[in-house]
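A note on names: the letters A, B, ... follow the listed sequences, proteins ahead of strands, and every chain is numbered from 1. These values consider heavy atoms only, across backbone and side chains, with no hydrogens, waters or symmetry-generated copies.
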Amino acid sequence: MNEKFLSPYNPGDTEKRIYEMWEKSGFFNPDVCVEKGITDENAPAFSMVLPPPNITGRLHLGHTLEHSIQDMMVRFHRMKGFKTLWVPGTDHAAIATQARFEKDLLSKEKKSRHDFSREEFFSMVHAFGLENQKDMQQQMRLLGSSLDWSREAFTLDEKRSIAVKTAFKQMFDEGLIYRGHRIVNWDPKGQTTISDDEIVYEERKAKLYTFKYSKDFPIAISTTRLETKVGDTAVAVHPDDTRYQEFIGKTFDVDFCGEKLHIKIIADKDVDMEFGTGALGVTPSHSMIDWEMAERHSLPKIQVIDERAKMLAGNDEIKGKKTTEAREIIARILAEQGLLIKEEEINQNVSTAERSGGIVEPLPKLQWFINVNKPIPSRGNKTLKELMRAPIEANETIILPDNFQKVYFNWIENLHDWCVSRQIIYGHRIPVWYKNGTDSKIYCGIEAPQGDDWAQDTDTLDTWFSSGLWTFSTLGWPEKTKDLLTYHPTSFMDPAYEILFFWVARMIMMSEYFLGVPPFKTVLLHGIVRDKTGKKFSKSLKNGIEPEEIIAQYGTDALRMSMVVGNTPGSDINFDQQKVKAYKNFANKLWNIARFILSSTEGVNFDSSFKDFTETDQKLVDEEKAFIAEITKEIEGFKFHIASEKIYHFVWDTVADVILEESKKIFAEGDEAAILSRKQYLLFTLENILKILHPFMPFVTEEIWQLTEHETLLLVEKWPHTEAQK
RNA sequence: GGGCGAUUAGCUCAGUUGGUAGAGCGCAACAUUGACGUUGUUGAUGUCACAGGUUCGAAUCCUGUAUCGCCCACCA
């Protein structure tokens, strides 16, 4: 027996060495497995692509959960004989990375993006991101993830860039991508549009003003945003509101803070009769709802606020002021003129930009959109919305836990056209060129058009555009590569439920549209890793824990087990070091089980064809096979939290506490045949528990495997047979 | 306002088709120099939120109530 067993298991000494051994073997790459005869060439494929982490920073505990589950699946299927591929990668994360970089730039060098040329700024952000990327690649190795590094991808590398441009062009040519002057969420702080999904609402106190535009105006209205009222073109009331019937359809001219407004009284059922005076001042250019009303009633749309949230209209005092300042000026003017009727405090949900924290200003702008409601001839006249529903409805893609299917459909119901252009620098630039810098002639293509007078669109694409292509752009699309044919649709995807809409939905949209198949067969959503008391990890709370700290203290195997056991899919998990510690003890328990079995069977070799078991031992063999069949089924049914817990109890409560204890007695008192039978049984059991634990605790199991003088790697051993008799 | 969940031991949570309540941690007592003290044995603690219903039988299925949480939309 190896002397190593005389001291407790030390993950720190082991894990790095083991990972290097695996990586060197090349077996993370399914092609090598086939080449070396480990995997049958015609074996079914099992494929996954890693949800690419953002290169904004480093991996956190949430990522370790993701990796634990995914690597478990990959190792399980590799051992089951599948042609198994797990593609690694990272996400450039456009706005998130740029915002993070700009924040540092401002605090460290007191500079902004405007101090650099576009090219300079891009390469600075890129360099920052690539540093993080390098860190994360090492972190993934630390987690033991058996990723095929030879296929590593990045959402902004050259191959993915071609995929993005190809995708954009195809959607453009089919009229699914259009440019439109529409109201969008403008972030005045970040100076870019953002999607609906990038908005976070914050509850704040606000003043609700009730006032009249002028003395002669018949209806009082209420608003929190007085400054926008210089852009009003209508007052809307509910069609059934008896108070205002006589005014509907009439137009009034008023002088309001230096602007001559023509206010039409319209009836619209979106107006809430109960709120304020029951009448709503319609500001088409600066409110989503008002814009829609203006469309319905063909109202003029006047922009009165600019991209820096400053006033474009109003009297001399108002024009050029910030919106918040203008609001107070107008309140004062109204009070002076006796037009201000009421001022009250209310709670209001303010839209803020997730990344910059700026207050979102709805503005009409020329942007690029993806039409989700347009029938697509090449797809049987289905719309993108319908394509997103299709694979779920047809059970070609299973979302687990299944209550998230309802959430998914509910989201699609409310989906609007997707604004994909961003006014930031870090990202995929929109592959559209304008002749002579005007819109009169435009060109969309993979390469720039011939001639000098073409200027490329300065906007970049929403980061989710490139990540939407991820399952197939990583496999070589738009080329029809062997990988694409072999591994797509992918088998399994394991993202956090937080990105069901952002990402999962977009991947389904893109894959269904471009390939006519779903991106994956099963998507298992996991929850958020929170701190011990259930709070979200955040910088402001300073409750963050580095995965490295935990790994240094307890080992990767222990961390992985703690992430999997008892963690029900879709529900959040509170991270408690006590639990990690318990699995560190478990790794050591396993270590000592191996030590006992090896020391008490010295001189006996494991014989897989051994038949002369005693009746007792044969029963144990049968029970063990039944147990393995059971947990295999649990894993195949995505019940990892149950499978891992059962294995834990089998190893500790059954093998260690019962079987080993009984064995001591047999070795002391039994006859020769019984002793030999028991020794064979113990070796049989050791092999089995190492194998079934390997997907969950890869390092300690591989280390023991190596110390038992195997020539092979446990990594590519076959999962124990459960049907066929050994 | 729309949607989705949760409520089980002191704490954190499991409980797959309905069949006498489970784990980890914690707690108590005892044991032990030979696989492991990162141990073993034994033990205590639950009206499974509440109220009805279905059933021979409900933590589990149905209805309602309460409390908590999350997502989406959003009050001008």
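With rounding to the nearest 0.5 Å, the separation of CD1 in A:Ile704 from OG1 in A:Thr708 is 8.5 Å.
Looking at the side chain of A:His649, the nearest of the listed nucleotides B:A76, B:U38, B:A23 is B:A23. Checked against B:A35, B:C72, B:A23, the side chain of A:Glu661 finds its nearest nucleotide in B:A35. With distances taken from any side-chain atom of A:Asn592 to the nucleotides B:C36, B:G3, B:G24, the minimum falls on B:C36.
The partner of B:A58 is absent, by the rule that a Watson-Crick or G-U pair needs both atom distances under 3.5 Å.
The environment of A:Glu295 atom CD is dense: over 12 non-hydrogen atoms of other residues, nucleotides or ligands sit within 6.0 angstrom.
For A:Thr352 against A:Val360, the heavy-atom pair with the smallest separation is C-CG2, 3.7 Å.
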Going through the distances and angles, do A:Lys229 and A:Thr283 end up as a side-chain hydrogen bond (donor to acceptor under 3.5 Å, both in side chains)? CA-CA 7 Å; A:Lys229 299 293 105 182; A:Thr283 320; 3.2 Å; yes
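Each of A:Gln578 and A:Ile573 lies near RNA chain B, and the nucleotide nearest A:Ile573 is the one positioned closer to the 5' end. Between A:Val407 and A:Arg595, it is A:Val407 whose nearest contact on RNA chain B lies nearer the 5' terminus.
Contact between the side-chain N/O atoms of A:Ser599 and the OP1/OP2 oxygens of B:A35 is not found at any separation under 4.0 Å.
Rounded to whole Å, atom C1' of B:U39 lies 10 Å from atom CG of A:Asn588.
Comparing B:A58 with B:G53, their C1' atoms are spaced 11 Å from each other, to the whole Å.
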